[in-house]
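Order of listing sets the numbers, starting from 1, for every ligand and every atom in it.
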Amino acid sequence: MVYFVGAGPGAPDLITVRGQKLVSLADVVIYAGSLVNPEILKGTREGCRLYNSAYMTLEEVTAVMAEAEREEKTTVRLHTGDPCLYGAVREQMDILDRENIPYEVCPGVSSFCGAAAALNMEYTLPSVSQSVVITRMAGRTPVPDRESIASFAAHKAVMVIFLSAGMTGKLSEELLSGGYDRDTPAAIVYKATWPEEKTVLCTVGTLEEKAREHNIRKTALIIVGDSVSQTLYERSRLYDPDFTTEYRRGKD
Ligand code: SAH
């Protein structure tokens with residue numbers, strides 16, 4: 001059996017209880033060494049075989065899984081954050097399907113949640129934004145044209161931009177060309193929930209300057225939109241004393 005486990009955004013105690021249990025039972029752990037906190041590996045049992053996938057190809061990773069399966073061992077594939085975002089899990093699953101190896105996913109806390117926590121931020125403020133766009137700039141992995149940053153910017157919904165901290169100049173340009181003002185609030189969150197976490201508040205126009213000033217080029221999220229300022233929102237209806245809900249009678 002192979003378990004794809006979300007390791008969380010960084011802090012070792014932000015893996016789920018289920019994820020931690022799977023790590024402690026595994027015979028083989030293949031972890032994404034570039035971003036998974038090595039502290040989590042201390043929870044493996046003695047004799048557990050550890051592989052850092054940063055040095056491996058897809059075929060090498062799945063060969064390790066297949067060998068473990070032949071030996072009737074349990075494998076944990078540890079991905080950073082939650083495996084469903086930029087985790088390159090589908091291609092592993094397809095190979096496991098072809099080889100009839102069963103697998104299951106254990107979700108994790110994505111870094112976009114870790115970053116919101118670092119900023120004490122609610123992405124979905126009433127009357128400011130009720131949608132979160134999770135996207136990235138094109139890098140070695142292309143982004144379909146219809147999903148350009150500019151096209152998403154036109155919605156003025158809050159955007160969380162992954163994998164793009166090294167391209168803040170180009171990112172600003174695309175956000176501006178899509179209709180964001182230069183002074184739209186933005187934030188750069190570096191290594192959310194790690195001890196070296198850094199949060200930098202800026203604007204769409206100053207993203208590049210601030211990233212350079214703080215020497216941030218990777219392992220960061222860029223958050224853009226009026227929600228970042230956490231002001232000018234309307235109170236929720238859910239907790240409004242005047243409103244009756246399924247669980248509570250309103251005053252009037
Ligand atoms: N599956 C992961 C994302 C993997 S892609 C998740 O759910 O978070 C790797 C990118 O995620 C990094 O380039 C960076 O943009 C972001 N990232 C991962 N961990 C981060 C953290 N602790 N703080 C800020 N950004 C992070």
Would you find a donor on one side and an acceptor on the other, under 3.5 Å apart, between the side chain of S110 and the backbone of G81? no
In residues 66-75, what donor-acceptor pairs under 3.5 Å come from side-chain atoms, sequence neighbours left out?
{"from": "E69", "atom 1": "OE1", "to": "M1", "atom 2": "N", "distance (Å)": "2.6"}
{"from": "E71", "atom 1": "OE1", "to": "R49", "atom 2": "NH2", "distance (Å)": "3.3"}

Does any non-hydrogen side-chain atom of P9 lie less than 4.5 Å from one of T80? no
Would you check if I15 and V109 make a side-chain contact, meaning some heavy-atom pair closer than 4.5 Å? no
Write out the protein residues near ligand 1, meaning a non-hydrogen atom under 4.0 Å from one of its atoms, in order of chain and number.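 Close residues (ligand 1, cut-off 4.0 Å): P9, L35, T80, G81, D82, L85, Y86, S110, S111, F162, L163, V189, K191, A192, W194, T219, A220, L221.
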Can you list the residues that meet the side-chain contact (heavy atoms from CB on, under 4.5 Å) rule with K156, with sequence neighbours excluded? Y180
Restricting to salt bridge (Lys or Arg N to Asp or Glu O under 4.0 Å), what partner residues turn up for E213, sequence neighbours left out? K210
